[in-house]
**Student:** 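Just dropping this structure here.
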Amino acid sequence: MNLKQMEAFRAVMLSGSVSQAAKQLFRTQPAVSMMITSLENDIGFQLFERHKKRLYPTPEAHYLYKEVEAIFSRIQDVSQTVQDIQNKQYGFLRIGCMPGPSNFFVPDILADFLEDHPKVQASLQTRTSDAVVEWVASNQYDLGLAEISTHQSKLGRNRMFELPCVCALPASHPLAEQEVITPEMLDDEPMITLHPDHMIFHDLMQLFEAGGHRMNVRLQTRFFIPALKFVERGLGVSIVDPISATSYTTYAQVNKVVFRRFQPDVHLRIGLMFPSGNPSSMIAMEFADLLCSQIDDVIENPQQFLNWGE
């Protein structure tokens with residue numbers, strides 16, 4: 001028994017005649033009759049009794065039809081699945097993300113993506129950048145967003161972004177009137193920074209020392225989001241990445257913190273990484289494109305947070 005024979009048998013059962021079945025299948029009537037006869041010969045029992053040019057299904061035909069119908073129902077399910085895959089509406093997406101963007105930025109993007117792809121399932125896990133890199137390399141994530149080195153950015157399909165940091169100040173701070181903040185302006189100013197092992201702290205320290213200015217570190221945090229809370233309370237100023245600044249504007253109260261350009265440029269280097277040994281799914285690549293476009297928008301349109309609350 002082959003699929004064409006089952007298709008002809010099913011069509012005859014549904015239509016009640018060979019001629020109607022032939023029309024439905026876009027075949028000739030003799031061709032359908034031949035397939036039914038061939039099927040009966042293959043299975044070894046009669047499926048139809050013929051009386052006055054009409055076919056009457058045998059009880060065995062009804063039993064067989066139930067099984068054939070189940071097969072065709074499954075084929076239709078598979079066809080729908082294929083269509084969903086083609087339309088990028090089906091799959092499972094595993095995402096690893098460094099702590100900062102995983103609080104608000106990436107969840108908002110992922111929520112929009114899942115609303116447009118209701119059959120897609122996703123997992124978003126927050127890990128340190130080193131852990132994200134490791135888990136992507138071991139194929140435990142389909143893509144990962146993490147701080148990376150220049151060397152890592154050149155591997156495979158990885159995409160690197162240099163995020164120009166900005167200065168977060170209490171809204172009532174005298175420097176809030178300035179459009180651009182420099183190390184000279186922050187000489188001996190209380191600051192909230194990341195820990196000394198972070199690239200941003202290292203780059204800032206070099207800038208301050210090169211200009212002969214003192215970086216007065218009052219508070220240190222592991223991530224930028226809590227640093228902004230301290231800025232909000234007036235405990236100091238902080239140099240933060242634009243994703244953290246954008247995230248802050250989505251939930252915080254206006255008129256407490258303002259963001260200003262900081263020069264010379266200090267960049268946070270992050271990368272969108274993919275497993276090097278396995279191809280990525282269409283779903284993963286579509287989400288990656290969406291995430292990249294949102295990151296590019298933050299870089300190219302800083303006014304969305306520089307003008308926040310004004």
**Student:** Locate the shortest heavy-atom distance separating Phe223 from Pro99; write the atom from each residue and the value.
**Tutor:**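 Closest heavy-atom pair between Phe223 and Pro99: CE2-CG, 3.3 Å.
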**Student:** Under a single-linkage definition using a 4.5 Å side-chain heavy-atom cutoff for Ile, Leu, Val, Met, Phe, Trp and Tyr, are Phe45 and Phe9 assigned to the same hydrophobic cluster?
**Tutor:**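 Phe45 and Phe9: one cluster.
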**Student:** Is there a side-chain contact between Arg159 and Phe274 (heavy atoms, below 4.5 Å)?
**Tutor:**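 Yes, close enough: below the 4.5 Å cut-off.
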**Student:** Measure the spacing between OG of Ser102 and CD1 of Ile243 and express it to the nearest 0.5 Å.
**Tutor:**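 With rounding to 0.5 Å, OG (Ser102) is 11.0 Å from CD1 (Ile243).
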**Student:** Between CD of Glu147 and CG of Leu163, what distance do you get to the nearest 0.5 Å?
**Tutor:**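 These two atoms lie 9.5 Å from each other.
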**Student:** With a 3.5 Å distance limit and no angle check, can you tell me whether Asp187 reaches the backbone of Arg214 through a side-chain donor-acceptor pair?
**Tutor:**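 Yes, Asp187 side chain to Arg214 backbone: donor-acceptor pair under 3.5 Å.
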**Student:** For a side chain to side chain contact (heavy atoms under 4.5 Å, CB included) check, start with the C-alpha distance between Arg269 and Met160, then their side-chain angles and the critical distance, and finish with the verdict.
**Tutor:** CA-CA 7 Å; Arg269 292 184 298 275; Met160 188 181 81; 4.2 Å; yes
**Student:** Please name the pair of heavy atoms, one in Val106 and one in Cys97, separated by the smallest distance, quoted to 0.1 Å.
**Tutor:**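 Scanning both residues, the minimum pair turns out to be CG2-SG, 3.7 Å.
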**Student:** Spell out, yes or no, whether Phe104 and Val298 are grouped together once hydrophobic residues are joined by side-chain heavy atoms under 4.5 Å, including indirect joins.
**Tutor:**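 In one cluster with Phe104: Val298, yes.
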**Student:** Are Val18 and Phe48 close enough that some pair of their side-chain heavy atoms sits under 4.5 Å apart?
**Tutor:**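 SC-SC contact between Val18 and Phe48 ruled out.
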**Student:** Quick check: do Phe287 and Ile109 have side-chain heavy atoms less than 4.5 Å from each other?
**Tutor:**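 Phe287 reaches Ile109 side chain to side chain.
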**Student:** Taking the side chain as every heavy atom from C-beta outward, state whether Ile239 and Met191 have any atom pair closer than 4.5 Å.
**Tutor:**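 Counting from C-beta outward, Ile239 and Met191 do come under 4.5 Å.
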**Student:** Shortest non-hydrogen contact from Pro275 to Asp142?
**Tutor:**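 Taking Pro275 first and Asp142 second, the nearest heavy atoms are CD-O, 3.3 Å.
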**Student:** Please check this pair: side chain of Asn41 against backbone of Thr37, looking for a donor-acceptor N/O pair closer than 3.5 Å.
**Tutor:**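 Flag set: sc Asn41 to bb Thr37 pair under 3.5 Å.
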**Student:** Can you confirm whether His202 is buried at NE2, in the sense that more than 12 heavy atoms of other residues, nucleotides or ligands lie under 6.0 Å from that atom?
**Tutor:**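 No, not enclosed.
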**Student:** Under 4.5 Å between any side-chain heavy atoms of Leu272 and Leu143, yes or no?
**Tutor:**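 Yes, side chains in contact.
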**Student:** Fit a plane to each ring of His198 and Phe224, take the angle between them on a 0 to 90° scale, and name the class: parallel (under 30°), tilted (30 to 60°) or perpendicular (over 60°).
**Tutor:**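 Geometry flag for Phe224 against His198: perpendicular rings.
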**Student:** Indicate whether any N or O donor in one side chain lies under 3.5 Å from an N or O acceptor in the other, for Glu184 and Thr182.
**Tutor:**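 No, because no side-chain N or O of Glu184 sits under 3.5 Å from a partner of the opposite role on Thr182.
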**Student:** To the nearest 0.5 Å, what is the distance between OG (Ser293) and CD (Glu300)?
**Tutor:**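 These two atoms lie 10.0 Å from each other.
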**Student:** Just verifying a value: how many Å separate Asn158 CG and Ser276 OG, rounded to the nearest 0.5 Å?
**Tutor:**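 Here the rounded value is 8.5 Å.
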**Student:** If you count every heavy atom of other residues, nucleotides or ligands that lies below 6.0 Å from Gln303 atom CD, does the total exceed 12?
**Tutor:**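 Yes, enclosed.
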**Student:** Would you please test Glu7 and Phe72 for side chain to side chain contact (heavy atoms under 4.5 Å, CB included) and show each step?
**Tutor:** CA-CA 8 Å; Glu7 187 178 41; Phe72 275 85; 3.8 Å; yes
**Student:** Mind listing the closest non-hydrogen atom pair of Met285 and Ser280 along with its distance?
**Tutor:**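 Heavy atoms of Met285 and Ser280 come nearest at SD-CB, 3.6 Å.
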**Student:** If we ignore hydrogens and angles and just use 3.5 Å, is the side chain of Arg94 paired with the main-chain N or O of Asn139 as donor and acceptor?
**Tutor:**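 Yes.
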**Student:** Any sub-3.5 Å donor-acceptor pair from Ser38's side-chain atoms to Met34's backbone N or O?
**Tutor:**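 Pair absent, no side-chain N/O of Ser38 close to backbone of Met34.
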**Student:** Looking only at atom types and distance, does a side-chain atom of Gln206 sit under 3.5 Å from a main-chain N or O of Asp203, one as donor and one as acceptor?
**Tutor:**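 Not a single qualifying donor-acceptor pair exists.
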**Student:** Please tell me if the side chains of Met205 and Thr193 come closer than 4.5 Å, counting only heavy atoms from C-beta onward.
**Tutor:**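 Heavy-atom side-chain distance check fails, nothing below 4.5 Å.
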**Student:** Would you check if the side chain of Gln304 reaches a backbone N or O of Asp297 as a donor-acceptor pair within less than 3.5 Å?
**Tutor:**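 Between the backbone of Asp297 and the side chain of Gln304 there is a qualifying donor-acceptor contact (under 3.5 Å).
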**Student:** If the plane angle is over 60° it's perpendicular, under 30° parallel, otherwise tilted; pick one for Trp308 and Phe259.
**Tutor:**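 Aromatic pair Trp308/Phe259 classed tilted.
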**Student:** Is there a continuous path of hydrophobic side-chain contacts, each under 4.5 Å between heavy atoms, that joins Tyr63 to Leu39?
**Tutor:**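 Tyr63 and Leu39: separate clusters.
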**Student:** If I take atom NE2 from residue His267 and atom SG from residue Cys165, how far apart are they, to the nearest 0.5 angstrom?
**Tutor:**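 Interatomic distance, His267 NE2 to Cys165 SG, rounded to 0.5 Å: 8.0 Å.
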**Student:** What is the ring orientation for Tyr248 with Tyr251, classed by angle as parallel under 30°, tilted 30 to 60°, or perpendicular over 60°?
**Tutor:**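 Perpendicular: the ring planes of Tyr248 and Tyr251 meet at over 60°.
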**Student:** Does Glu67 have more than 12 heavy atoms from other residues, nucleotides or ligands lying within 6.0 Å of its CD?
**Tutor:**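 Counting other residues, nucleotides and ligands, CD of Glu67 stays at 12 neighbours or fewer.
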**Student:** Indicate yes or no for a side-chain donor-acceptor contact from Arg260 to the backbone of Ala176 under 3.5 Å, with no hydrogens or angles considered.
**Tutor:**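 The answer is yes, because a donor-acceptor pair under 3.5 Å joins these two groups.
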**Student:** Find out if a path of hydrophobic residues (ILVMFWY) with successive side-chain heavy-atom gaps under 4.5 Å connects Leu207 to Val217.
**Tutor:**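 Yes, Leu207 connects to Val217 through the hydrophobic network.
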**Student:** Apply the test salt bridge (charged side-chain N to carboxylate O under 4.0 Å, His left out) to residues Glu232 and Lys229: give CA-CA distance (whole Å), side-chain angles for both, the deciding distance (0.1 Å), then the verdict.
**Tutor:** CA-CA 5 Å; Glu232 186 179 289; Lys229 189 64 178 179; 3.0 Å; yes
**Student:** Check salt bridge (Lys or Arg N to Asp or Glu O under 4.0 Å) between Glu40 and all other residues, then give those that pass, not counting sequence neighbours.
**Tutor:**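 Counting only residues at least two positions away or on another chain, Glu40 forms a salt bridge (Lys or Arg N to Asp or Glu O under 4.0 Å) with Arg50.
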**Student:** Please tell me if the side chains of Phe305 and Val240 come closer than 4.5 Å, counting only heavy atoms from C-beta onward.
**Tutor:**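 Sidechains of Val240 and Phe305: no contact.
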**Student:** Please lay out, stage by stage, how Arg218 and Phe230 fare under the test side chain to side chain contact (heavy atoms under 4.5 Å, CB included).
**Tutor:** CA-CA 10 Å; Arg218 186 179 185 190; Phe230 293 127; over 6 Å; no
**Student:** Say whether Leu290 and Val120 are linked into one hydrophobic cluster, either directly or through other cluster members, by side-chain heavy-atom distances under 4.5 angstrom.
**Tutor:**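 Per the 4.5 Å side-chain linkage, Leu290 and Val120 are co-clustered.
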**Student:** Please round to the nearest 0.5 Å and tell me the distance separating atom CD1 of Ile95 and atom CG of Leu93.
**Tutor:**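 Taking CD1 in Ile95 and CG in Leu93, the distance rounds to 4.0 Å.
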**Student:** Search all heavy atoms of Phe201 against all heavy atoms of Gln220 and return the closest pair with its distance.
**Tutor:**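 That would be CE1-NE2, 4.0 Å.
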**Student:** So among Val180, Leu175, Val237, which one has a side chain to side chain contact (heavy atoms under 4.5 Å, CB included) with Met185?
**Tutor:**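 When side chain to side chain contact (heavy atoms under 4.5 Å, CB included) is applied between Met185 and each of Val180, Leu175, Val237, only Leu175 qualifies.
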**Student:** Do Thr58 side-chain atoms and Leu47 backbone N/O form a donor-acceptor pair below 3.5 Å?
**Tutor:**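 Yes, Thr58 side chain to Leu47 backbone: donor-acceptor pair under 3.5 Å.
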**Student:** Are the side chains of Glu69 and Met13 in contact, using a 4.5 Å heavy-atom criterion?
**Tutor:**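 With C-beta onward as the side chain, the pair stays apart.
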**Student:** Would you say Ser73's side chain and Ala70's backbone share a donor-acceptor pair under 3.5 angstrom?
**Tutor:**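 No; judged by distance alone, with no hydrogens or angles, the pair does not exist.
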**Student:** How far apart are the closest heavy atoms of Ile192 and Ser238, and which atoms are they?
**Tutor:**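 Shortest heavy-atom separation between Ile192 and Ser238 comes out as O-OG, 2.7 Å.
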**Student:** Determine, step by step, whether Ile200 and Val266 satisfy the side chain to side chain contact (heavy atoms under 4.5 Å, CB included) criterion, reporting the C-alpha distance in whole Å, the side-chain angles of both residues, the deciding distance to 0.1 Å, and the verdict.
**Tutor:** CA-CA 7 Å; Ile200 297 299; Val266 172; 3.8 Å; yes
